[in-house]
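One-based numbering, in listed order, for ligands and for the atoms of each. Position 1 is the first residue of the sequence; numbering continues from there.
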Amino acid sequence: MAAMLEARSITKRFGGLTAVNELSLEVRQGTVNALIGPNGAGKSTLFKMLSGELRPTSGHIHFKDAPITGLNATEICRRGISKSYQTTQIFPNLTVSENIVIPALAKLRGPFRFDPFRRLRGVRGLADVLAGVLRAMNLEERAQTRAADLAYGEKRRLEIGLALATQPDLLLLDEPTAGMSPEESKGTVQLVKELRKSVTIIVVEHDMDVVFELADRITVMHEGRKIAEGPPEEIRAHPAVQEAYLGGAL
Ligand SMILES: Nc1ncnc2c1ncn2[C@@H]1O[C@H](COP(=O)(O)OP(=O)(O)OP(=O)(O)O)[C@@H](O)[C@H]1O
Ligand SMILES: [Mg+2]
């Protein structure tokens, strides 16, 4: 089976700094892929190139057999890649449901129209998407709560929900458990585990317990390059990984 996503030798330079250096990556449909590496390794920059926020300096990206290199974020989202953000995208004064409706509508109705909340009942599929996202992110009981009144962990789950609301085929999660309590983190990992049944996932994550629990494949980056790749048991034992990332701790 061909890969769903294929990045071929992509590079991103910021002036004299090479944040991502000739990196290639293949992601198969239905898998959970973890991207790990120390601070500054280039993980978020790679994600931004996949989601269309940044244009690669060189290299090519293919998604579902079509080239997507250089397309903007809206177009890439329309084709089925959605990213959950490290920084917040939530409208604090809207309810949880209203927040989810915005990206859901953008996908269902195409590019944004004037008044997003007018005649919502007329939009086919919206209620299903909303209910599905609330359920998937365990936010059903918070549907009518103002986003500003959510607990931290709930806000982070809503951020994932916003990405899910565009009904992606490939979901990019940048540190979904960052800043969460151990309890919240556990719950989120469970939810992501459930998601894998319906969407292919790449997750950037620093917590190695989370990585080893979730991932089918792990890609290790260091200073912009891919230094290792494979199933968790192989990565755990990889000398270059222990040296560069785990500090020999395992
Ligand atoms: N917009 C930018 N302009 C200039 N340099 C940037 C920009 N974005 C990232 N960088 C640099 O590129 C390198 C890679 O950054 P990136 O954010 O991709 O790392 P990361 O692996 O996500 O790190 P972290 O684990 O800390 O989130 C870093 O040296 C960073 O300072
Ligand atoms: Mg980052």
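Contacts between M221 and ligand 1, counted as non-hydrogen atom pairs separated by less than 4.0 Å, are absent for every part of the residue. Contact annotation: for V204 versus ligand 1, there are no heavy atoms closer than 4.0 Å.
L191 pairs by the side chain to side chain contact (heavy atoms under 4.5 Å, CB included) definition with M137, N138, R157, not counting sequence neighbours. In this structure, the side chain to side chain donor-acceptor pair (under 3.5 Å) partners of D216, at least two apart in sequence or on a different chain, are R196.
The shortest heavy-atom distance from K12 to ligand 1 is not under 4.0 Å. Under the 4.0 angstrom criterion for non-hydrogen atoms, G40 is in contact with ligand 1. Residue contact check for ligand 1: E175 places a non-hydrogen atom closer than 4.0 Å to it.
Seen from the ring of F63, R79 does not count as a face-on cation partner, given the 6.0 Å and 45° thresholds.
Shown in contact with N39 at under 4.0 Å from a heavy atom are these atoms of ligand 1, numbered in order with element: 23 (O), 24 (P), 25 (O), 26 (O). Short contacts between ligand 1 and L17, defined as distances under 4.0 Å to a heavy atom of the residue, involve ligand atoms 11 (C), 12 (O), 13 (C), 29 (O). Within ligand 1, counting atoms from 1 as listed, the ones closer than 4.0 Å to a heavy atom of H206 are 25 (O).
Judged by distance alone, with hydrogens and angles left aside, the side-chain atoms of T69 form a donor-acceptor pair with the main-chain N or O of I61 at under 3.5 Å. Under the 3.5 Å distance criterion, the side-chain polar atoms of T200 are left unmatched by any main-chain donor or acceptor of Q29. At distances below 3.5 Å, at least one donor-acceptor pair connects side-chain atoms of K43 with backbone N or O atoms of G37. Proximity of a side-chain donor or acceptor of S97 to a complementary backbone N or O of A143 within less than 3.5 Å is detected.
Taking any N or O of A41, backbone or side chain, at least one lies under 3.5 Å from an N or O belonging to ligand 1. Of the N or O atoms in G42, one or more lie within a sub-3.5 Å distance of an N or O in ligand 1. Remark: ligand 1 and F14 share no N or O pair separated by less than 3.5 Å (distance only, no angle test).
There is no side-chain donor-acceptor pair under 3.5 Å between T177 and D207.
Among the atoms of S44, an N, O or S atom falls under 2.8 Å from the Mg ion (ligand 2).
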